[in-house]
Amino acid sequence: MAFRTSALMLPHQVGSGVNWRGQALKLSSKATWAVRSSSSCPSGTVTVGYAQAQERPSSVIRKIREDLENRERSAVNVMEDYLVRLRDREPQVQSFLHISEKALEEAKLLDEKIAQKATIGPLAGVPIAVKDNLCTKDMPSTGGSKILEGYRPPYDATAVRKLREGGAIIVGKTNMDEFGMGSTTEGSAYKVTANPWDVSRVPGGSSGGSAAAVAARQCAGALGSDTGGSIRQPASFCGVVGLKPTYGRVSRSGLMAYASSLDVVGCFGSSVEDVAILLQSIAGHDNSDSTSSTKDVPSFVETLKPVQNFSSKPLAGVKFGLIKETLEDGVDSSVVFAIRSAAQHLESLGAEVIEVELPKFSLGLPAYYVLAASEASSNLSRYDGARYGNRADAQELIPMYGNSRAQGLGAEVKRRILMGTYALSAGYYDAFYKRAQQVRRIIQTDLEVVLSKVDVLLSPVAPTVAYKIGEKTDDPLSMYAGDLMTVNVNLAGLPALVLPCGLAEGGPCGLPVGLQMVGKSFDEGELLRLGHIFEQTAPHWCQNVPPLVQ
């Protein structure tokens with residue numbers, strides 16, 4: 001499996017790897033690399049070291065609520081500012097499929113409640129964007145597909161309803177690969193979203209619209225869905241924080257199903273605290289979803305401590321495992337360097353970082369595509385023009401089914417339906433679907449064993465940084481291979497947090513690289529705590545927002 005290799009050369013060798021029975025990693029303490037200069041970004045270096053920490057990411061959501069409570073701003077003022085930015089940047093980014101017509105009206109109602117000294121929710125006045133495969137009763141929900149063009153659900157998805165109950169204002173619906181099938185957001189039936197760091201590049205997918213909207217500061221946070229990396233890869237490409245919760249932590253009711261045993265609703269934010277606040281609002285059991293967990297939801301936000309309360313070694317006693325197979329041949333040197341530098345920083349905070357081996361790690365990718373395609377072929381059978389979806393003209397029933405699906409579904413969706421139907425067909429079920437389920441169990445077991453030796457696993461999110469729009473449209477297998485580092489987390493149902501850890505060469509001011517932290521089942525609180533410490537202490541590059549935002 002080959003990927004293109006970055007032209008960026010490492011200044012010197014960083015680190016030496018051993019398996020999880022061995023010693024901690026030995027990482028260079030003076031590693032630096034140059035960021036390409038441009039008119040919008042002065043040249044400089046990224047130096048690994050706690051002492052060089054610059055301005056820390058802070059919670060946009062908390063600040064909005066505090067400003068409303070203190071009467072420093074009104075909800076209308078906040079919403080007007082975001083809508084101006086949204087519309088100003090939308091022609092370049094193309095992250096939204098629909099913008100709410102009621103956002104200002106809802107903000108006015110909130111201001112009236114505040115004037116009456118009524119209790120407001122934790123998300124009061126916060127503009128949140130929602131991926132277009134989550135149902136919203138007051139806006140179209142198309143899943144990025146022509147077959148659902150114009151569809152307006154009569155209800156909100158549970159996660160959306162909980163946001164509204166917390167006081168959030170849904171500012172719009174974001175673009176996505178059709179029914180979540182893609183890694184670039186080029187698979188949308190409506191438009192191609194651009195990466196705010198470099199508008200000639202993809203934002204990732206399938207939740208690329210949500211990630212780009214947060215990166216471009218068109219909203220304060222966003223919801224997405226993750227079937228095989230659809231939150232984490234766009235978060236990495238767009239330089240924002242993304243969280244894929246444990247399967248069952250957040251209700252899937254109202255989420256358009258792609259692969260039911262893999263789909264998870266998650267969130268994006270500009271900081272770990274923003275993501276923690278969003279998860280707090282949407283997590284919990286839901287009687288409308290039989291796969292929803294009944295486990296208690298802890299207070300995720302309370303585990304996050306201010307940076308001034310950190311000791312000199314805030315991660316003392318924490319053990320991280322760096323997955324060896326995700327740093328081998330085929331991964332860009334710049335991505336490897338950023339991840340190893342992040343591991344070095346964790347060591348400087350008192351953590352132990354060792355290299356762990358998962359020899360069967362690569363088996364997850366083919367197993368995932370068999371299982372996901374198989375479930376998709378079943379789930380998408382409902383879009384036939386009779387039960388759901390726009391109906392094509394035809395004189396007889398079977399041609400009507402065929403024409404409706406032919407006209408309404410895109411090439412990638414058809415490709416995966418065909419793959420899944422083939423895997424489930426008589427004579428091939430045991431060879432493909434059953435074997436993929438067996439591999440899934442092996443992957444789950446391997447991850448459980450390694451996570452019994454370490455607290456959290458570390459890896460890149462993707463083998464490369466964001467690539468050019470159109471670069472992989474004619475090479476779907478290469479696009480599928482880019483999911484190698486994310487699909488195993490979905491197969492095992494584990495939580496994973498992605499946060500920016502550096503910049504690689506490319507674009508007007510570098511391109512973001514994301515660090516993936518994988519935790520134990522239902523251990524999102526610990527992931528958020530560790531991610532917050534990393535975020536608040538890690539060295540930063542010459543800027544922490546895209547050139548488009550400056």
Side-chain angles (χ1 to χ4, degrees), residues 97-98 131-135 140-155 157 173 175-192 205-206 209 225 227-228 230 252 254-263 366 368-434 436 470 472-477 479-480 483:
L97 290 178
H98 186 84
K131 188 176 179 180
D132 200 41
N133 60 350
L134 284 158
C135 290
S141 301
T142 70
S145 178
K146 286 289 186 183
I147 203 165
L148 287 178
E149 186 172 12
Y151 173 62
R152 287 179 176 260
Y155 66 99
K173 304 298 290 294
N175 195 25
M176 58 179 286
D177 288 297
E178 187 177 6
F179 289 116
M181 300 181 190
S183 303
T184 65
T185 316
E186 295 169 288
S188 168
Y190 299 99
K191 59 172 69 173
V192 175
S206 62
S225 65
T227 306
S230 291
R252 293 186 298 110
L255 171 68
M256 297 176 189
Y258 165 16
S260 303
S261 71
L262 301 166
D263 295 339
Y368 164 81
Y369 272 101
V370 169
L371 295 174
S374 297
E375 293 186 30
S377 73
S378 176
N379 281 326
L380 270 66
S381 64
R382 71 192 70 177
Y383 302 110
D384 55 12
R387 290 169 291 178
Y388 293 93
N390 295 317
R391 182 178 300 180
D393 292 332
Q395 298 300 315
E396 297 181 4
L397 184 64
I398 300 303
M400 185 273 288
Y401 285 157
N403 292 343
S404 297
R405 291 168 71 80
Q407 296 172 19
L409 300 177
E412 183 60 33
V413 173
K414 292 173 184 175
R415 183 182 295 121
R416 299 196 192 194
I417 289 173
L418 288 171
M419 288 193 298
T421 304
Y422 180 80
L424 292 173
S425 61
Y428 296 99
Y429 179 91
D430 287 347
F432 292 103
Y433 185 78
K434 182 178 179 181
K472 295 186 183 292
T473 51
D474 295 327
D475 189 3
L477 289 180
M479 183 178 68
Y480 299 164
D483 295 335

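Computed from heavy atoms alone, side chains included, the values below leave out hydrogens, waters and symmetry copies.
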Using a 6.0 Å cut-off, check whether atom CG of Asp393 has over 12 heavy atoms from anything other than its own residue. no
Could you grab the distance from atom [atom1] of [X] to atom [atom2] of [Y], nearest 0.5 Å is fine?
X: Ser425; Y: Phe432; atom1: OG; atom2: CZ; value: 8.5 Å
X: Ile147; Y: Phe179; atom1: CD1; atom2: CZ; value: 6.5 Å
X: Tyr429; Y: Lys434; atom1: OH; atom2: NZ; value: 8.0 Å
X: Leu255; Y: Lys131; atom1: CG; atom2: NZ; value: 8.0 Å
X: Ser188; Y: Glu178; atom1: OG; atom2: CD; value: 8.0 Å
X: Ser381; Y: Arg405; atom1: OG; atom2: CZ; value: 6.5 Å

Can you tell me which residue among Ser145, Ser141, Ser230, Ser225 is in a side-chain hydrogen bond (donor to acceptor under 3.5 Å, both in side chains) with Asn133? Ser225
Kindly give the heavy-atom pair with the smallest separation between [X] and [Y], and that separation in Å.
X: Ser206; Y: Thr185; value: O-OG1, 4.1 Å
X: Glu186; Y: Thr473; value: OE2-CG2, 3.4 Å
X: Ala423; Y: Val370; value: CB-CG1, 4.1 Å
X: Leu262; Y: Thr227; value: CB-O, 3.6 Å
X: Ala259; Y: Ala372; value: CB-CA, 3.9 Å
X: Arg391; Y: Gly385; value: NE-O, 2.7 Å

Can you list everything that forms a side-chain hydrogen bond (donor to acceptor under 3.5 Å, both in side chains) with Ser183? Sequence neighbours excluded, please. Asp483
Contacts of Asp384 that satisfy side-chain hydrogen bond (donor to acceptor under 3.5 Å, both in side chains) - sequence neighbours left out: Arg387
Once salt bridge (Lys or Arg N to Asp or Glu O under 4.0 Å) is applied, what residue pairs with a partner in residues 418-429 remain, sequence neighbours excluded? none
Under the side chain to side chain contact (heavy atoms under 4.5 Å, CB included) rule, collect the residues that match up with [X], sequence neighbours excluded.
X: Ala376; answer: Met181, Tyr258
X: Lys191; answer: Glu90, Gln94, Leu97, Asn175
X: Ser260; answer: Arg252, Ala257, Glu375, Asn379
X: Ala189; answer: Lys146

Under the salt bridge (charged side-chain N to carboxylate O under 4.0 Å, His left out) rule, collect the residues that match up with [X], sequence neighbours excluded.
X: Asp177; answer: none
X: Glu412; answer: Arg415, Arg416
X: Lys414; answer: none

Show every ring pair (Phe, Tyr, Trp, His ring centres under 6.0 Å) that has at least one partner inside residues 384-404, sequence neighbours left out. none
Tyr369: ring-ring contact (aromatic ring centres under 6.0 Å, His included) partners, not counting sequence neighbours: Tyr480
Leu371 and Ser261, any side-chain heavy atoms less than 4.5 Å apart: no
With no hydrogens and no angle check, just 3.5 Å: does a side-chain donor-acceptor pair link Lys173 and Thr142? no
Criterion side-chain contact (heavy atoms from CB on, under 4.5 Å) on Ile417 and Leu409, from CA distance to verdict: CA-CA 10 Å; Ile417 289 173; Leu409 300 177; 3.9 Å; yes
